[in-house]
Protein chains: 2
Amino acid sequence: MKTLRLTSTDKTLLLDSRFFARLPRPTAETIVEGAIVSTHEEHDILFRQDEPIDHVFFVLSGLVRLYRLGKDGREADVAVLPKGEIFGANAMFLEHRATANAQAAEALIVARFESHKLRQLAAENTEVAQALIELLCRYGKMTEDCLAEDRLLTAPQRVANYILSHCPDGLSSFSFRLPFQKNVLAGKLGLAPEALSRAFSTLRQSGVTVKGRVIEIRDRQALERF
Amino acid sequence: MKTLRLTSTDKTLLLDSRFFARLPRPTAETIVEGAIVSTHEEHDILFRQDEPIDHVFFVLSGLVRLYRLGKDGREADVAVLPKGEIFGANAMFLEHRATANAQAAEALIVARFESHKLRQLAAENTEVAQALIELLCRYGKMTEDCLAEDRLLTAPQRVANYILSHCPDGLSSFSFRLPFQKNVLAGKLGLAPEALSRAFSTLRQSGVTVKGRVIEIRDRQALERF
DNA sequence: AAAGTTATTTGATCGGGGTCAATTTGTATC
DNA sequence: GATACAAATTGACCCCGATCAAATAACTTT
């Protein structure tokens with residue numbers, strides 16, 4: 001882990017992100033000025049479940065995986081966060097304890113903010129509180145979606161869903177590049193890598209072609225029906 | 001569904017609940033005065049997924065089940081809320097759309113608050129915003145717990161966990177009465193009723209006895225090890 | 001381009017839990 | 001208490017996905 005200075009692109013990314021964009025410019029800038037930037041290598045742990053943390057994190061580039069550990073050491077992802085996402089915010093209101101482990105899923109740069117300052121700000125400033133509320137709602141809905149998908153859909157259906165979520169509406173055939181390793185996708189969908197692989201090959205019969213990280217869809221409707 | 005007046009016990013329950021208790025008394029009382037109380041029979045639907053809702057709900061008595069529907073009509077519970085819990089709050093910040101269906105899991109009395117008023121209040125009053133933030137964090141953590149349990153634990157382990165969560169620490173043997181039908185417990189744990197039944201009988205060998213709704217635990221450690 | 005890693009795929013096997021059907025138990029009503 | 005109905009259990013069966021092992025593909029590094 002190495003500490004860096006906040007570049008102007010970082011600053012732009014922060015200020016344009018969903019969270020900061022809805023704050024009054026001066027407020028956002030004040031917070032952003034206080035950021036500490038650091039780089040991490042794949043597999044680095046940022047913090048551990050139940051550990052006290054005193055920062056809120058923002059992904060400047062790369063990918064973070066939040067996961068829980070089972071007694072037997074098995075891991076279960078509860079979220080995968082790409083560039084532009086915030087994490088660790090909920091800990092501010094849960095005795096400053098992380099609810100999950102955070103690990104760099106690939107080379108990573110994060111900005112961090114002191115949570116007591118942010119918490120204080122949220123207590124004084126309605127705008128900040130509002131932004132936090134929306135953040136938490138969105139995050140809560142994501143987790144709920146995940147839980148429901150796990151309980152309702154088979155592996156191929158989850159994968160089909162994931163693919164469709166990347167399809168701009170209207171198009172019937174399209175292709176895109178996976179934003180991360182299949183490894184990570186598997187975890188995010190609650191599958192073993194082998195199961196993801198098999199799901200892809202099941203979807204072949206519905207017009208899905210996989211070449212490396214590139215996914216090609218021939219027939220959107222077929223996927224939706226799956 | 002029948003509309004009732006707010007009784008003084010209802011009022012006490014509301015004001016002593018986690019959400020209202022942390023607000024300044026006058027604020028809490030103002031909100032609570034605006035409550036509309038209604039009764040519902042088991043199986044009644046309060047609102048449906050993706051439907052616009054303009055109220056936030058509070059369980060005065062009985063039980064509410066929040067669940068999502070699969071394409072095939074199967075149901076997946078995302079939360080089960082007993083007396084004292086709030087639900088529908090997240091919709092205020094998600095275009096007023098419910099993220100799940102809400103159904104009375106048994107005879108039910110709820111208080112409801114107009115969400116635009118509450119939202120307005122949260123936008124002006126930091127205390128209210130703060131209370132909402134904590135509510136959402138707690139709720140988010142619950143969902144996360146659920147997701148992780150689903151992915152990490154087998155049916156008997158989930159049931160063991162559930163039982164342990166009702167065991168006052170320090171005690172090695174104890175017994176309690178399930179707060180709802182096994183039916184509902186199964187759904188909450190993401191299991192078919194049959195699987196719950198089988199899980200109980202697996203746990204018999206670890207000193208768990210089930211007689212109707214009463215669960216008896218002979219050896220806490222054995223359960224924890226499971 | 002070759003060698004060495006690290007991902008991914010494929011095959012084989014196995015166990016958990018869903019579903020359906022048939023009892024059994026529990027609860028409510030008269 | 002006897003009857004009727006709903007809830008819970010048990011058995012039989014099957015499918016999905018985890019796991020282990022082996023083969024192949026995709027990157028790195030030189």
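Just so it is clear: chains get the letters A, B, ... in the order the sequence lines come, proteins before strands, and each one is counted from 1.
The residue A/R74 sits close only to the backbone: its heavy atoms come under 4.0 Å of sugar-phosphate atoms, none of a base. Among the heavy atoms of the strands, none lies under 4.0 Å from A/L196.
When ring centroids are compared, A/F57 and A/F47 come within the 6.0 Å threshold.
We find that CG of A/L152 is positioned 11 Å from P of C/dT19, with the value rounded to whole Å. Atoms CG (B/L191) and P (D/dA7) sit 18 Å apart, rounded to a whole Å. Nucleotide C/dA7 holds its C1' atom 14 Å from the CD atom of A/E106, rounded to whole Å. Straight-line distance from the CG atom of B/L203 to the C1' atom of C/dG17: 15 Å, rounded to whole Å. For the pair B/R151 CZ and C/dG17 P, the computed distance is 15 Å after rounding to whole Å. C/dG16 atom P lies 17 Å from atom CG of B/L189, rounded to whole Å. Atoms CD (B/E75) and P (C/dT19) sit 12 Å apart, rounded to a whole Å. Taking atom CG on A/L178 and atom P on C/dT9, their separation rounds to 10 Å, with Å as the unit.
For B/A192, whose side chain is taken as the heavy atoms from C-beta onward, the closest listed nucleotide among C/dG18, D/dG17, D/dT9 is C/dG18. Nearest to the side chain of A/R198, among C/dA7, C/dG11, D/dT9, sits C/dG11. Among the nucleotides C/dA7, D/dC16, D/dA21, the one closest to any side-chain atom of A/E194 is D/dA21. Across C/dT8, D/dA8, C/dG18, the shortest atom-to-atom separation from the side chain of B/A195 is found for C/dG18. Side-chain proximity of A/K182 to C/dA12, C/dT9, D/dT10: nearest is C/dT9.
Neither side chain, A/E144 nor B/T143, offers a donor N or O lying under 3.5 Å from an acceptor on the other.
For a distance-only test at 3.5 Å, the side chain of B/R213 fails to qualify as a donor-acceptor partner of the base of C/dG26. Put simply, the side chain of B/R204 and the base of D/dT9 share no donor and acceptor less than 3.5 Å apart. Counting distance only, with no hydrogens placed and no angle test, the side-chain atoms of A/Q181 and the base atoms of D/dC27 include no donor-acceptor pair under 3.5 Å.
Taking the side-chain hydrogen bond (donor to acceptor under 3.5 Å, both in side chains) definition, one finds that B/Q157 meets it with B/T154, sequence neighbours left out. Take B/T209 and apply the side-chain contact (heavy atoms from CB on, under 4.5 Å) test, not counting sequence neighbours, and it matches B/E216, B/R218.
Each of B/V37, B/T7, B/L108, B/V110 was evaluated against B/L60; a single residue qualifies, B/V37, per the side-chain contact (heavy atoms from CB on, under 4.5 Å) test.
Proximity of B/K211 to the phosphate of C/dG26: no side-chain N or O atom is located under 4.0 Å from OP1 or OP2.
With the nearest nucleotide of DNA chain D identified for both A/L153 and A/G212, A/L153 has the one nearer the 5' end.
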